[in-house]
Amino acid sequence: MLKSVNMMDVECVSVSDYATSFNDTHITSNTTGSAPGAAAPEPESSKNKSAETLKEFDQDMPVQEGDILIPESRNAVHTLWPDATTSYIITDELVSREAEIKAAFKMISDVTCIRFKKRDTESSYLKLVTGNGCASFVGCQGGAQRLFFASECTVGNLCHELLHALGLYHEHTREDRDKYVTVNWQNIVAGKENNFKVKHGNTQNLPYDLASIMHYGRDFFSTNGNPTVLPKQSGVEIGQRKHLSQLDIERLNKLYSCGKL
Ligand SMILES: [Zn+2]
């Protein structure tokens, strides 16, 4: 069962604390008809394609897959936010972007049980900072956890980073991805091939999702403008950063046992 916890003194909690209270039924969004998530501002396409890869080129911190700040396998995600609530602080340099930050929170809180609240005395919290690119650790790390929201990043990019912070990895590195996408290794910037390597681990028994906000776009890490990752199904767009897909919503609701809290 999910532990009854006091938000003020609890650290990150384990996945099993949530998972054992979940009956494996897919939870669907309670939205009706319209696309899930709040309408995010249209991303500037040129920025959207690269903002999540800037941190890796910057090389001031160890990253993997462009915007993931800690090298771990998918299975290493074992820390979630207590009571499906993420505390945060916004550093002074980002105060002018508070409306955008709130919009990204809303994209998630509108369609899941996950909530964001300004930090009071919680020991684990997100610290939104600027810097080069957009980047996040995966899962709740404990203590002040930086999440990079630089000028290049859109609200949709920030939402993507928040999903990392909540515990999700990139969709295109799932172990079953070769059934759904083709990776064109010859088009990838030399030395950046590791961003496309499959990571074994938990997919939460949910289908592969080309529409995920956690899926890479066609030309991420492209050295020549040609696609690095292409869906096998023709006419399908990948790499959207406008809203959570239906499966993104299910994945988060499953991870945090929404409806069971
Ligand atoms: Zn990412």
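Each ligand, and each atom within it, is numbered from 1 in the order the structure gives. What you see below is based on every heavy atom in this structure, not just the backbone, and it leaves out hydrogens, waters and symmetry mates.
- Within the 4.5 Å cutoff, side-chain heavy atoms of I90 are placed close to those of I101.
- Not one N, O or S atom of E52 sits under 2.8 Å from the Zn ion (ligand 1).
- For an aromatic pair to be called close, the ring centres must be under 6.0 Å apart, and H170 with H160 satisfies this.
- In this structure, F220 and Y216 have tilted ring planes: the angle between them lies in the 30° to 60° band.
- Seen from the Zn ion (ligand 1), atom NE2 of H170 and atom OD2 of D67 lie 150° apart in angle, a value rounded to 10°.
- Counting heavy-atom neighbours within 6.0 Å of Q233 CD, excluding the residue itself, gives a total of 12 or less.
- Residue H160 counts as close to the Zn ion (ligand 1), with an N, O or S atom under 2.8 Å.
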